[in-house]
Amino acid sequence: MATPSEPSEPAEITRASAASRFVYLLPVIGAPIGMGAALFASFAIASWHVTHSAIVQVEPQWVAGEPVAARVQVLDGDGQPVPDAQVEVTLRRGEERAPLGTLRDAAAVGTAQGRLTAPAWAPGPAQLELAIAAHDQFREVVDVELVASRALRRGTPTVSGSTKNYADDTESQPEKLRIVLRPLGRLAAGFENALVARVTDPEGKPHRGPVEVRLLDGEFGPHKASRDAPVVVTRGETDAAGLVRIDGLLATDVVRFEVRALAGEKDMSSEAGAKGPGAEDMAKGAGAKGQGGAEKDVAGKEGAGKSGAGNEGAEKSGAGKEAAGKIGAEKGGAGNEGAEKGGAATGAADKGAAETAAAGAGNDGAEAPAIAARKFRFVSFAGAVTVDVAPRTAGVGDALTIKARGLRPKRAVFVDVRGPDGAWVDTLEPPVVGPEPPRTWSSAGLSPGLVQVEAYHFTNSPGESSALARVVLGPAPGQGPALSSLLALQRERLAMARVEKEFDAGLEGKYLDALATASLDAEAQQLAEAWLTGTLPVEIYGPPTTLSTRSREDEDMAASRRLWAGRVRWLLLGGGGLFLAVTTLLIVLSHRGAAERLAREMVGQGPGIAAEVRKAQRAVLWRAFGLLLSMAFGLVLTAAVLDKLFWQT
């Protein structure tokens, strides 16, 4: 009978059998549990993503007491705007805090913006705290600096990069005169545009006389033309500054014009002087040589002046005048025969004048004689917005009218204002959506100088797609700038690159010198101011982006995913390796114990039986090692697959 300290053989065998079953079931149960935990953790890590980000646009330098604009764009994880965001803005310096107000997304476009006023703090660094409330609530901090004054900054010179500019067939300057045609601002298809033609002599002195602007190709205003069927857009006379303006809706991306300086009375008389006495009569208006001659002279002049006379009409009118002049001079009072001939000549001249007027009344008439002409080709810039400011000159503190519009009626147009020092001082809130009436904007708080208004659909680096308008502020309310200050702005930029073909900086300088001494009436002064401000070279500022958190959020998310992926990797490889090592040890110990028991039982059975038992034990052990090796290989393979699918960040 077995004592308690010496367990009986059946009890020992039972315990050994249970331990052996546990050892062999451990890989079958433990391995799937560990693998499942690793897979679940890997799927969880892979599902992590950025939920929000923000783009903060604000002027980095503030002047105490002056306005400054700010804009915060809130985006979701897919980079789409989150509407109806609100941002509480606070300026902090150490323990000192100054609440600046709330930026709101009034147009529900995912952008909260507004105008702030810098507190009266001493110059030095500060922090702008932004408490952002969208579908998530989070905080951001932006470093700013209060300064006594800001250095003058200029925008980035920008010209149209459209490939359509490569085929520019604008003609070179004519010999007798110099003709240019420029848009006021940026030429934009789909919107009303204003263009101004300028005619000067080769030395830049304004030329005053009749001009004709023709549309050669494209659609402008109510006119539509092609190379084979040009139309006259306007006929007029340049003012004392040598300028004439045309306005119209541009309906094509590419448009061609021709500006023709027509022969005036002086030019016509000098041209016809060698033809006979009738030319002198036309120049002097010599009605004393015969009543019929005077009437014919007046009719001829009115027909030519009002029509922009074609060659055919001019020849007919000239013939009538010349015949009338000769008859009036030679046979003015010579009896009935002279009277009859004079009357016949009068009728001929009246008919010529009527034909001239009829020819000029339509666009299909023959061309009027031109002193000089030049053809131009224009290409619309790449933007889909337009902006205009009125008036173009005003006094500091005066109210201005800003009108902006986009081609897409439901897309917001953001309108920003740049102060004379180049700082971003205001933005229209809410942004313009659809066709809105002009808005009134106050220039209070700004300094005298050039103010630039920029408009765009996309606030993140709009670049070439920006539309712009300019206004120059004078020294006091109701007191506009002197013409000399506008001329100085042009002179400062004469060396800048232009998209205009054959831009002549030397001619521009001479024209500015001549304009400085020109005597201009009120209307000519207004057009000259529009020319000087509207034809400045394009310099785009764009909103200053001081913080964009998406890259930081992506980096933080990638770091978190790498951290937890590393932990899962250690769990799978390290924990799995430890699990296999422990399992191997338990199998060896269990097998050794079983072998010892079997050896005791087989004592006396002969060497052959013992050898067979040892052979069977080795086979079982090798099968166990094979199982463990396959599990180790599966563990490594699983780690490689998870790393490829989930852990790489």
Side-chain angles (χ1 to χ4, degrees), residues 158-171 179-198 211-236 244-260 308 362-364 373-390 402-413 415 432-438 453-458 462 464-469 499-501 530-531 534-535 538:
T158 305
V159 297
S160 177
S162 173
T163 56
K164 296 176 182 179
N165 289 308
Y166 298 157
D168 190 358
D169 57 0
T170 296
E171 292 182 340
I179 302 174
V180 296
L181 180 65
R182 294 174 187 160
L184 298 182
R186 306 194 75 182
L187 195 72
F191 303 102
E192 291 285 337
N193 290 264
L195 296 94
V196 178
R198 188 191 71 192
V211 294
E212 178 182 82
V213 181
R214 290 185 174 187
L215 180 65
L216 302 182
D217 190 13
E219 297 184 35
F220 186 79
H223 308 288
K224 183 176 181 180
S226 63
R227 292 180 179 272
D228 299 329
V231 297
V232 175
V233 176
T234 186
R235 293 186 182 97
V244 64
R245 172 171 174 165
I246 59 173
D247 297 89
L249 174 69
L250 178 62
T252 53
D253 288 336
V254 180
V255 64
R256 287 180 173 87
F257 291 97
E258 182 184 29
V259 180
R260 307 174 71 243
N363 288 320
D364 298 330
R374 189 184 182 195
K375 297 177 181 178
F376 300 86
R377 182 179 186 271
F378 294 99
V379 177
S380 170
F381 83 102
V385 299
T386 185
V387 65
D388 190 30
V389 181
I402 300 177
K403 182 180 180 180
R405 191 168 69 87
L407 285 179
R408 301 180 181 180
K410 295 184 179 181
R411 184 178 291 277
V413 178
V415 182
V432 177
V433 179
E436 294 187 7
V453 179
E454 298 179 354
Y456 23 71
H457 279 315
F458 308 100
E464 189 180 326
S465 65
S466 302
L468 80 164
V499 71
E500 180 177 336
K501 191 174 182 180
W531 167 273
T535 61
V538 176

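We count residues from 1, following the sequence as given.
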Can you name the closest pair of heavy atoms from [X] and [Y] and give their distance?
{"X": "A189", "Y": "D253", "result": "CB-OD1, 3.4 Å"}
{"X": "S466", "Y": "F381", "result": "O-CE1, 3.4 Å"}
{"X": "P230", "Y": "A225", "result": "CA-CB, 4.1 Å"}
{"X": "A373", "Y": "E171", "result": "O-OE1, 4.2 Å"}
{"X": "V389", "Y": "A469", "result": "CG2-CB, 3.7 Å"}
{"X": "Y456", "Y": "P462", "result": "CD2-CG, 3.4 Å"}

Residue list, salt bridge (Lys or Arg N to Asp or Glu O under 4.0 Å) with [X], at least two apart or on another chain:
{"X": "R374", "value": "none"}
{"X": "E464", "value": "none"}
{"X": "E192", "value": "none"}

Practice problem: Using the side chain to side chain contact (heavy atoms under 4.5 Å, CB included) rule, pick out the option among V211, I246, D247, L215 that qualifies with T234. | Solution: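 Testing each of V211, I246, D247, L215 against T234, the sole residue satisfying side chain to side chain contact (heavy atoms under 4.5 Å, CB included) is I246.
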
Quiz prompt | Option from E258, R214, H223 for which side chain to side chain contact (heavy atoms under 4.5 Å, CB included) with V233 holds | solution =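 So, applying the side chain to side chain contact (heavy atoms under 4.5 Å, CB included) to V233 and each of E258, R214, H223, only H223 qualifies.
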
Exercise. List for me each residue that meets ring pair (Phe, Tyr, Trp, His ring centres under 6.0 Å) alongside F220, sequence neighbours excluded, and say none if there are none.
Key: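 Partners of F220 under the ring pair (Phe, Tyr, Trp, His ring centres under 6.0 Å) test: F257.
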
Taking the side chain as every heavy atom from C-beta outward, state whether [X] and [Y] have any pair of such atoms under 4.5 Å apart.
{"X": "K375", "Y": "D169", "value": "no"}
{"X": "L407", "Y": "F191", "value": "yes"}
{"X": "V255", "Y": "L187", "value": "yes"}
{"X": "R182", "Y": "F376", "value": "no"}

Partners meeting side-chain contact (heavy atoms from CB on, under 4.5 Å) with [X] (sequence neighbours left out):
{"X": "A412", "answer": "V109, F414, P431, V433"}
{"X": "V196", "answer": "L184, L243, R245, L527, W531"}
{"X": "A404", "answer": "V387, V413, V415, V432"}
{"X": "K403", "answer": "P438"}

Quiz prompt | Residues, nucleotides or ligands: over 12 heavy atoms within 6.0 Å of K224 NZ | solution =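 No, the 6.0 Å shell around NZ holds no more than 12 heavy atoms from other groups.
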
Taking only residues two or more places apart in sequence or in another chain, which ones pass side-chain hydrogen bond (donor to acceptor under 3.5 Å, both in side chains) with [X]?
{"X": "T535", "result": "Q490"}
{"X": "R186", "result": "none"}
{"X": "D228", "result": "none"}
{"X": "D217", "result": "R256"}

Self-check item: Basic-acidic side-chain contact under 4.0 Å: R235, E212
Solution: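 Between E212 and R235 there is a salt bridge, with a charged N closer than 4.0 Å to a carboxylate O.
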
Quiz item: Are the side chain of T170 and the backbone of R377 linked by a donor-acceptor contact shorter than 3.5 Å?
Solution: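 Yes.
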
